[in-house]
Amino acid sequence: MEGGDETSAAMVDEIYVNGGDEAQRHRPIISGEQLDVEAYAALYSGRTKIARLLFVSDRCDVASMQLETLRMAYDEVKKGENTQLFREVVQKIDGRLGPNYGPDPAWADAVDRRAEQRKEKLENELNAYRTNLIKESIRMGYNDFGDFYYAHGALGDAFKNYIRTRDYCTTSKHIIHMCLNAILVSIEMGQFTHVANYVGKAEQNSDALEPITVAKLRAAAGLALLETKKYKLAARKFLETSPELGNNYSEVIAPQDIATYGGLCALASFDRAELKSKVIDNINFRNFLELVPEMRELIHDFYSSHYASCLDYLGNLKANLLLDIHLHDHVETLYNEIRHKALIQYTHPFVSVDLQMMANAFKTSVTGLEKELEALITDNQIQARIDSHNKILYARHADQRNATFQRVLQTGSEFDRDVKAMLLRANLIKHDYNLKISRKS
Amino acid sequence: MNLNMNSVESVVAQIQGLSSSADDVTHLHGLLKQSEELLQSESTRLAPFLAELDPSKHSLGYLYILEACTAAPNAKEQANELVLSIARFLNDCAAEQIRLAPDKFVSVCKRFKDQVMLLETPMRGVAPLLTAIRKLQPSSEHLTSLHPDFLLLCLLAKCYKTGLCVLEHDIFEVDQPRDFFLYCYYGGMICIGQKRYRKALELLHNVVTAPMSTINAIAVEAYKKYILISLIHLGQFSTSLPKYASSVAQRNLKNFSQPYIELVTCYVNGKISELEAYVQANREIFEIDRNLGLVKQVVSSMYKRNIQRLTQTYLTLSLQDIANTVQLNSPKEAEMHVLQMIQDGEIYATINQKDGMVRFLEDPEQYKTCEMIERIDSSIQRIMALSKKLTAMDEHMSCDSQYLAKAGRERQRFDFDDFDTVPQKFNI
């Protein structure tokens with residue numbers, strides 16, 4: 001722990017270093033450039049790849065990048081059998097990519113026809129299984145149906161069929177399989193309550209869980225919590241995800257994402273001790289962080305109070321994070337939280353802080369900083385007051401004795417008021433009661 | 001004794017004869033009840049007989065005759081005379097006698113109020129009604145039907161101070177819910193007039209949260225004022241009513257005061273310009289409700305609130321900055337506001353005019369003075385008394401036969417359930 005409990009002389013040095021010659025101490029920050037779509041897409045497989053590509057094309061405003069993503073999405077869709085999605089993509093391309101990327105009706109019809117046949121076949125099979133009452137086969141039948149619907153983009157039906165297999169599950173392995181399918185479909189549908197639900201169900205069968213499955217479940221649970229804005233819990237789940245996950249869950253999440261999501265959530269919601277013990281000293285998570293060096297650097301910067309460089313990294317990452325299908329909604333909130341955390345931690349150990357120096361450390365103007373601090377003080381997140389004349393922030397130590405007196409008097413008068421009001425109401429109710437009785441008689 | 005009550009003369013004679021001892025008065029009361037019809041039929045020629053009676057000695061009889069002779073509609077010319085004679089009676093009458101016939105007394109007082117209103121001199125009614133209230137109440141905790149009338153006259157005559165002396169006594173015993181609603185509503189308005197916002201909030205809160213089975217206009221108007229005073233005094237308003245408020249109030253009050261709810265939303269946003277624009281746009285609604293003055297106070301309280309917020313965050317701040325953050329036009333204006341607030345004891349600060357800086361200070365109260373200790377002591381005494389009352393009421397309630405009957409019935413049902421489930425458990 002440096003920074004906090006050293007003598008003030010050393011600290012002033014630290015702050016100057018902190019604010020001043022940043023560039024020479026750190027390697028130049030690289031990731032400000034545009035998202036490398038190709039590399040990004042390579043991280044994922046299956047439906048999520050297409051969904052992510054489409055999301056990027058919707059969000060980014062660079063025309064070339066948009067077309068590039070759409071082209072890749074088109075290629076990807078054609079590998080599958082989802083004609084609905086195919087038509088969407090074609091509509092989005094709108095002929096801008098030339099005749100090779102047009103609405104290919106022949107292909108679509110062929111796929112649809114094949115789908116129809118396959119559906120019929122599956123139905124016949126399932127009916128046969130059901131008449132024979134072979135549990136395992138019925139389960140397989142429903143499962144096949146689920147896979148079929150999933151491939152064709154009918155997520156609701158796929159979900160239903162996967163859930164139906166539940167009644168025919170005989171081993172805990174089957175249950176886990178069912179849960180994983182349900183989780184996958186629910187994530188695609190954006191139904192994150194289901195995700196949390198089925199993660200819970202799967203985890204009950206702890207005996208049959210393989211390390212990879214455990215990691216998958218952790219990641220899914222983290223996603224669900226992230227979407228419901230429970231950042232602290234989400235951070236814990238991501239941090240618990242073991243590196244066995246690797247590229248095995250590419251149909252949902254890439255290991256790089258685990259690092260980014262987990263890192264950001266942890267920065268926004270953990271205190272220093274927790275950050276140290278659960279993130280920086282976490283050997284498992286270090287494996288993930290190695291994949292996203294910027295994230296690793298910025299967490300270390302944050303912990304060692306190099307806020308300016310930390311915020312720089314964050315600023316550079318922001319554009320790309322906004323293109324992430326799961327994180328985009330939460331980027332602003334998380335960033336604000338992290339910035340507040342940084343401000344609070346910066347002021348915490350001091351009795352008085354020179355706003356000029358602090359503004360340098362955060363690469364902002366004194367007036368802007370004043371406004372930010374004002375908001376935090378009003379929220380009671382920083383116990384301090386600003387001397388705007390001399391530009392100094394003074395820590396405020398509440399007088400316990402006076403505060404207690406004040407509270408006691410206030411509580412007293414509130415009690416007084418409430419009890420009187422209550423007695424009055426009791427009397428009114430009594431009156432009403434009497435009135436009814438007398439009316440009856 | 002002559003029981004012939006057939007003529008007014010004999011009634012008067014009875015009154016004169018039977019007004020000395022308590023027993024006699026009770027007897028007289030019985031006789032007067034019997035001759036009520038007679039008095040009503042003879043109402044037009046009763047006035048001269050009043051002169052034969054002494055209001056302080058023959059209060060009960062006087063009351064009966066007075067009630068009967070004011071029952072007939074009066075011409076405006078007579079009103080003056082009538083007001084004088086009733087006022088004299090109210091001053092002189094004996095409390096223990098008139099309490100035998102509270103209905104008559106209240107109806108005389110109501111007519112008195114009507115006459116005063118007719119003459120458009122509400123001031124004349126204030127003092128006699130105050131005396132009347134004191135004579136009619138068995139204790140200062142009782143709310144009488146005269147309270148709302150008295151407060152209304154105080155409001156019309158702008159005698160807020162006189163009104164306050166009644167409001168200072170806490171009311172616990174209420175007979176008529178309507179009296180209670182009006183008492184609290186008018187009382188709230190008087191307190192607002194005197195800028196006693198805390199008390200006003202308390203009274204209005206009582207109206208809003210009072211048990212009611214149907215929504216009523218008094219509650220709606222009280223709710224509107226309650227919103228405004230909350231904003232002026234506390235700078236905030238929670239739109240959800242407490243749990244103990246009646247479900248009717250929970251459901252309906254907000255719908256009836258939509259413009260006010262929106263005002264709250266505007267206020268919470270903290271933007272003066274938005275608030276002013278909103279008030280301007282809805283000026284007519286507030287004017288019709290006669291709340292425009294209060295609404296204007298809400299707007300100006302926002303400046304105060306914003307300045308007060310600054311004291312939490314700043315030690316020193318230039319007047320220019322204050323003007324900017326609070327959205328005042330000039331540092332000069334900011335200075336006026338700050339100065340006013342220092343004077344009112346709302347903030348603790350010093351202004352340095354040389355460099356235009358304001359230095360905010362902490363509350364100088366150290367809770368060490370004798371006065372403070374005395375204040376705390378008196379609070380403790382008050383609360384002890386209150387909690388004694390609470391215990392007494394609780395005991396009284398748990399001895400109440402109706403309550404026990406109801407509670408007992410429910411208990412029995414529970415017992416039956418318990419009895420039922422036990423064997424089932426054993427069956428499994």
Side-chain angles (χ1 to χ4, degrees), chain A residues 352 367 370-437, chain B residues 141 143 170-177 180-181 184 198-199 201-202 205-206 209-213 242 244-246 309-318 321-322 325 352 355 357-360 362-363 365-368 372 375-376 379-380 382-383 386-387 389-390 393 397 400 402-403 406:
Chain A
S352 63
T367 36
E370 242 182 68
K371 284 276 164 282
E372 281 182 85
L373 287 173
E374 193 191 314
L376 286 172
I377 296 172
T378 318
D379 268 7
N380 207 16
Q381 299 210 50
I382 296 181
Q383 283 74 37
R385 284 167 80 184
I386 304 167
D387 183 343
S388 168
H389 186 49
N390 303 315
K391 302 294 174 203
I392 292 175
L393 182 79
Y394 287 102
R396 181 188 203 177
H397 296 289
D399 188 331
Q400 296 279 354
R401 184 173 172 277
N402 283 0
T404 312
F405 267 106
Q406 221 170 355
R407 261 219 325 277
V408 166
L409 282 174
Q410 201 189 339
T411 315
S413 66
E414 270 167 22
F415 176 79
D416 191 13
R417 192 191 60 205
D418 291 347
V419 169
K420 273 184 203 157
M422 191 185 73
L423 286 173
L424 251 177
R425 280 198 308 278
N427 266 323
L428 277 171
I429 290 171
K430 203 168 94 188
H431 169 80
D432 206 1
Y433 194 51
N434 293 342
L435 204 72
K436 267 182 220 154
I437 297 280
Chain B
E141 291 182 359
L143 182 78
D170 293 313
I171 293 292
F172 290 109
E173 297 292 330
V174 182
D175 293 329
Q176 281 296 324
F180 173 69
F181 277 96
C184 288
R198 233 167 64 108
K199 181 82 185 164
L201 270 181
E202 212 176 300
H205 182 86
N206 284 344
T209 57
M212 50 182 131
S213 49
Y244 48 74
S246 62
R309 198 169 297 142
L310 291 178
T311 65
Q312 301 293 313
T313 40
Y314 286 97
L315 269 177
T316 60
L317 196 62
S318 71
D321 282 343
I322 293 181
T325 26
N352 184 349
D355 43 13
M357 293 301 276
V358 179
R359 185 167 192 84
F360 297 120
E362 295 277 349
D363 183 355
E365 177 62 65
Q366 290 294 309
Y367 299 95
K368 282 174 187 161
M372 185 45 79
R375 210 184 116 195
I376 294 172
S379 293
I380 295 174
R382 207 178 60 229
I383 286 173
L386 201 62
S387 85
K389 202 181 186 72
L390 198 63
M393 180 132 170
M397 187 92 90
D400 188 287
Q402 281 175 351
Y403 169 75
K406 203 166 155 46

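By convention in this document, chain letters (A, B, ...) are assigned in the order of the sequence lines, proteins followed by strands, and residues within each chain are numbered from 1.
Closest approach of A:Ala426 to B:Met393, counting heavy atoms only: CB-CE, 3.4 Å. Scanning both residues, A:Leu428 and B:Pro177, for their nearest heavy atoms gives CD2-CA, 4.1 Å. When every heavy atom of A:Asp387 is checked against every heavy atom of B:Leu315, the shortest pair comes out as CA-CB, 4.0 Å. Between A:Ile429 and B:Pro211, the closest heavy-atom pair is CG1-CG, 3.6 Å.
Considering only heavy-atom pairs separated by less than 4.5 Å from chain B, the leading option among A:Leu376, A:Leu423, A:Asn390 is A:Leu423. Residue with the most contacts toward chain A among B:Glu362, B:Lys389, B:Arg375: B:Glu362 (heavy-atom pairs, distance under 4.5 Å).
The CD1 atom of B:Ile171 sits 11.0 Å away from the NZ atom of A:Lys420 when rounded to the nearest 0.5 Å.
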Task: side chain to side chain contact (heavy atoms under 4.5 Å, CB included) between A:His389 and B:Asp321, intermediate numbers included - done: CA-CA 10 Å; A:His389 186 49; B:Asp321 282 343; over 6 Å; no
- [ ] Just do the side chain to side chain contact (heavy atoms under 4.5 Å, CB included) check on B:Glu202 and A:Asp416 with the steps written out, would you?
- [x] CA-CA 11 Å; B:Glu202 212 176 300; A:Asp416 191 13; over 6 Å; no
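Within a 6.0 Å sphere centred on CE of B:Met372, other residues, nucleotides and ligands contribute more than 12 heavy atoms. Annotation for B:Arg198: atom CZ does not count as buried by contact number, only 12 or fewer foreign heavy atoms lying within 6.0 Å. Within a 6.0 Å radius of CD in A:Glu414, other residues, nucleotides and ligands contribute more than 12 heavy atoms.
Partners of A:Thr378 according to the side-chain contact (heavy atoms from CB on, under 4.5 Å) rule, which considers only residues two or more places apart in sequence or in another chain, are A:Glu374, B:Arg309, B:Thr313. Partners of A:Phe405 under the ring pair (Phe, Tyr, Trp, His ring centres under 6.0 Å) rule, at least two apart in sequence or in another chain, are B:Tyr367.
No donor-acceptor pair closer than 3.5 Å links the side chain of A:Asn427 to the backbone N or O of B:Val174. Under a 3.5 Å cut-off, the side chain of A:Arg401 and the backbone N or O of B:Gln366 do form a donor-acceptor pair.
If you measure heavy-atom distances from B:Leu310 to chain A, the contacts under 4.5 Å come from the side chain alone. With a 4.5 angstrom heavy-atom cutoff, B:Tyr314 touches chain A via backbone and side-chain atoms both. Contact annotation for B:Ser213: neither backbone nor side-chain heavy atoms come within less than 4.5 Å of a heavy atom of chain A.
Within the cation-pi definition used here (under 6.0 Å to the ring centroid, within 45° of the axis), A:Arg385 does not qualify as a partner of B:Phe360.
Residues A:Leu409 and B:Ser379 are in side-chain contact: their nearest non-hydrogen atoms beyond the backbone lie under 4.5 Å apart. Residues B:Tyr244 and A:Met422 fail the side-chain proximity criterion, which asks for heavy atoms closer than 4.5 Å.
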